[in-house]
Amino acid sequence: MRYAEFSNGTKILDGENGIADLHILFGGLGASRIMIIGDRRLMSEGYLDKVKERVLEGGEVAVGAVYLGEDTQDSESALKDLYFVYMSNGCDGIVVCGSGKLVDYAKLLRLAVSTQVKDIKKFFNNSSIGRKVVDVPLITIPRKLGVGSECNALAVYYDSKKKISRNIFNQLLSPDYCIIDGKIISSTSKSSMAYGVLSTLGKAIDGFIAVQYARVGIAIKRVEEHAVGRIFSKVALTNLKAKALEMLASDDEEKIVGFALDGAYLSKGLDSNGMGMIYSLALAISDVKGVSYSQCLPLAIKASLNYNLRVCQEKYSKALWSFVGWREYSKYPQEQEERAKGFVHCVEEFVDEVIDKYIKDYQPIILTDDDRQDIAVSLSYNPHILNNPRHFDPIAIKAVLR
């Protein structure tokens with residue numbers, strides 16, 4: 001089993017049977033009665049039963065409740081249900097097995113119980129300080145490739161009435177452990193894995209062109225021996241492209257889990273203090289069009305890159321010097337603007353290649369003028385867009401959404 005730890009506190013573990021030590025981990029965290037959160041698919045495939053068995057092994061930790069949730073629920077109603085089940089069953093720890101909103105719900109439940117603040121909307125304001133009153137151990141087990149929310153201090157709160165996603169950042173949202181279990185990850189479809197590749201790509205781009213570029217650079221140096229350093233500090237996105245396509249073409253569990261770890265390290269090393277433009281834009285498109293976040297990723301990646309080219313060529317181009325490993329750079333002159341355009345073109349080609357080869361049911365998202373306006377309005381509620389420039393330019397956003 002491999003182990004990594006980053007500045008925001010979540011410890012990442014992986015191995016052939018990563019969930020085997022769940023009872024030991026919870027015992028070490030001081031938990032004695034666990035709430036298991038998952039979905040119906042994981043229940044039908046038997047994974048939740050395996051998680052339950054591992055929690056109970058040794059006889060010192062009990063299972064207080066098993067909660068089956070769905071990704072599409074409104075955050076407010078889901079959190080009310082979770083809070084009631086957790087408190088009424090006397091639970092003192094959480095393990096969530098899944099992806100997407102289900103993980104966000106578990107993290108927000110931890111925030112609510114830890115601070116004794118039931119109204120999560122109070123945390124929309126970045127200045128709100130949630131003081132830990134109760135210790136609530138949390139372990140996440142991602143179901144899909146492209147680890148993100150399972151190992152960072154961010155969560156998305158979706159308001160179904162207003163159809164707007166709001167981002168919440170708080171250190172209490174960081175899980176204690178993220179366990180990447182090979183058998184669970186490798187059971188996902190090639191299409192889900194392909195979306196995971198695009199999510200990893202988006203995190204890489206967002207991280208390198210963030211406003212706090214100096215801090216990102218420091219984060220990279222801390223993990224030179226891990227995935228972020230191997231992929232980006234030496235050969236940049238060339239290696240990411242090669243590793244991603246090799247993983248997608250293979251059924252080798254080790255390669256699949258290795259790429260999942262790359263995504264986890266990226267989430268911890270590059271996006272530890274906020275959400276980037278690509279993630280935020282994908283969420284906004286998802287809210288407006290009523291389709292999943294994953295399906296919006298290709299459009300968000302392309303639009304975000306073109307947005308940066310349009311509104312901040314100089315700073316953005318300088319950030320692109322970090323990607324000198326991208327092979328196609330050699331075809332372009334040394335002028336930064338040309339290098340930036342070349343990089344954007346290469347990324348767009350990579351995105352299209354992944355879609356064409358591995359996402360057979362992909363439906364292009366068509367945006368009307370009203371859709372573009374609604375997306376710009378949705379983004380105006382998002383406090384965590386970290387890309388250059390920090391100010392929000394709705395006119396430029398609407399111009400690059402095709």
Side-chain angles (χ1 to χ4, degrees), residues 1-5 9-69 78-79 81-99 102-116 132-144 147 149-151 172-187 253 257 260-261 264:
M1 180 175 285
R2 287 173 289 183
Y3 168 80
E5 185 172 350
T10 303
K11 303 169 181 66
I12 301 174
L13 303 174
D14 84 290
E16 270 185 33
N17 189 17
I19 64 173
D21 295 332
L22 269 174
H23 61 295
I24 298 174
L25 296 176
F26 273 120
L29 293 169
S32 60
R33 191 169 179 84
I34 307 305
M35 179 178 184
I36 299 174
I37 301 175
D39 60 28
R40 285 176 173 75
R41 178 188 163 189
L42 287 168
M43 175 65 85
S44 66
E45 292 175 351
Y47 287 118
L48 291 189
D49 288 334
K50 293 177 182 177
V51 169
K52 185 176 181 179
E53 289 172 8
R54 297 306 183 187
V55 170
L56 294 172
E57 190 170 328
E60 295 182 3
V61 181
V63 172
V66 177
Y67 181 93
L68 299 182
L79 284 170
D81 288 346
L82 282 163
Y83 193 90
F84 174 79
V85 173
Y86 183 92
M87 299 301 290
S88 62
N89 286 281
C91 297
D92 60 3
I94 306 167
V95 58
V96 55
C97 187
S99 297
L102 206 57
V103 173
D104 285 338
Y105 296 157
K107 292 163 71 174
L108 291 171
L109 172 64
R110 181 196 205 188
L111 182 62
V113 177
S114 295
T115 60
Q116 298 292 290
K132 183 166 71 172
V133 179
V134 181
D135 192 31
V136 182
L138 171 62
I139 297 177
T140 57
I141 307 170
R143 188 186 76 186
K144 295 181 180 179
V147 181
S149 62
E150 296 88 352
C151 56
L172 291 174
L173 292 172
S174 292
D176 294 291
Y177 289 93
C178 170
I179 300 176
I180 298 177
D181 188 287
K183 289 182 172 55
I184 295 177
I185 293 287
S186 60
S187 69
E253 184 178 297
V257 174
L261 277 171

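Please read these numbers as outputs of a predicted model, since none were measured by experiment.
Taking CG of Leu172 as the reference point, atom CG of Leu138 lies at 11.0 Å (rounded to 0.5 Å). In this structure, CZ in Phe84 is found 8.0 Å from CG in Asn89, a value given to the nearest 0.5 Å. Here the CG-NZ distance, from Leu42 to Lys50, works out to 11.0 Å after rounding to the nearest 0.5 Å. Interatomic distance, CE of Met35 versus OH of Tyr86, reported as 9.0 Å (0.5 Å rounding). Here CD1 of Ile34 is found 7.5 Å from SG of Cys91. Values are rounded to the nearest 0.5 Å. Taking CD1 of Ile19 as the start and CG of Asp181 as the end, the distance is 5.0 Å to the nearest 0.5 Å.
Residues Lys107 and Ser149 are in side-chain contact: their nearest non-hydrogen atoms beyond the backbone lie under 4.5 Å apart. Contact annotation: the side chain of Met43 approaches that of Val66 to within less than 4.5 Å [non-hydrogen atoms, C-beta and beyond]. Looking at heavy atoms from C-beta onward, Cys97 lies out of side-chain contact with Ile36 at the 4.5 angstrom threshold. Using a 4.5 Å cut-off on side-chain heavy atoms (C-beta onward), Val85 and Leu82 make no contact. Using a 4.5 Å heavy-atom threshold, the side chains of Ile180 and Cys178 count as touching. The closest side-chain heavy-atom distance from Val133 to Ser114 is not below 4.5 Å. For the pair Phe26 and Val95, the minimum side-chain heavy-atom distance is below 4.5 Å. Side chains of Ile141 and Ile184 form a contact here, defined as non-hydrogen atoms less than 4.5 Å apart.
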Practice prompt. Applying side chain to side chain contact (heavy atoms under 4.5 Å, CB included), run through Ile179 and Leu25 and close with a yes or a no.
Written response: CA-CA 11 Å; Ile179 300 176; Leu25 296 176; 3.7 Å; yes
Would you check, one step at a time, whether the test side chain to side chain contact (heavy atoms under 4.5 Å, CB included) holds for Tyr105 with Val96? CA-CA 9 Å; Tyr105 296 157; Val96 55; over 6 Å; no
Practice item. Could you please spell out the steps behind the side chain to side chain contact (heavy atoms under 4.5 Å, CB included) verdict for Arg143 and Ile185? Key: CA-CA 5 Å; Arg143 188 186 76 186; Ile185 293 287; over 6 Å; no
message = Between Ile94 and Leu109, does the side chain to side chain contact (heavy atoms under 4.5 Å, CB included) criterion hold? Intermediate values first, please.
response = CA-CA 9 Å; Ile94 306 167; Leu109 172 64; 3.7 Å; yes
In a table with atom names and distances, give each donor-acceptor pair under 3.5 Å that connects a side chain of residues 51-61 to protein atoms at least two apart or in another chain.
{"residue": "Arg54", "atom": "NH1", "partner": "Glu57", "partner atom": "OE1", "Å": "3.0"}

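With Asp92 contributing its side chain and Ala31 its backbone, the two residues share no donor-acceptor pair below 3.5 Å. Under the 3.5 Å distance criterion, the side-chain polar atoms of Asp39 are matched with a main-chain donor or acceptor of Arg41. Between the side chain of Tyr47 and the main chain of Lys183, a donor-acceptor pair closer than 3.5 Å is present. A side-chain donor-acceptor contact under 3.5 Å links Ser99 to the backbone of Lys144. A donor-acceptor pair under 3.5 Å links the side-chain atoms of Thr10 to the main chain of Pro175, judged by distance alone.
Partners of Asp81 under the salt bridge (Lys or Arg N to Asp or Glu O under 4.0 Å) rule, at least two apart in sequence or in another chain, do not exist in this structure.
A salt bridge links Asp176 to Arg110: at least one charged side-chain nitrogen sits closer than 4.0 Å to a carboxylate oxygen.
The only option from Ile139, Ile12, Val103, Asp104 that meets the side-chain contact (heavy atoms from CB on, under 4.5 Å) definition with Glu150 turns out to be Val103.
Closest approach of Leu108 and Leu79 over heavy atoms only: CB-CD2, 3.7 Å.
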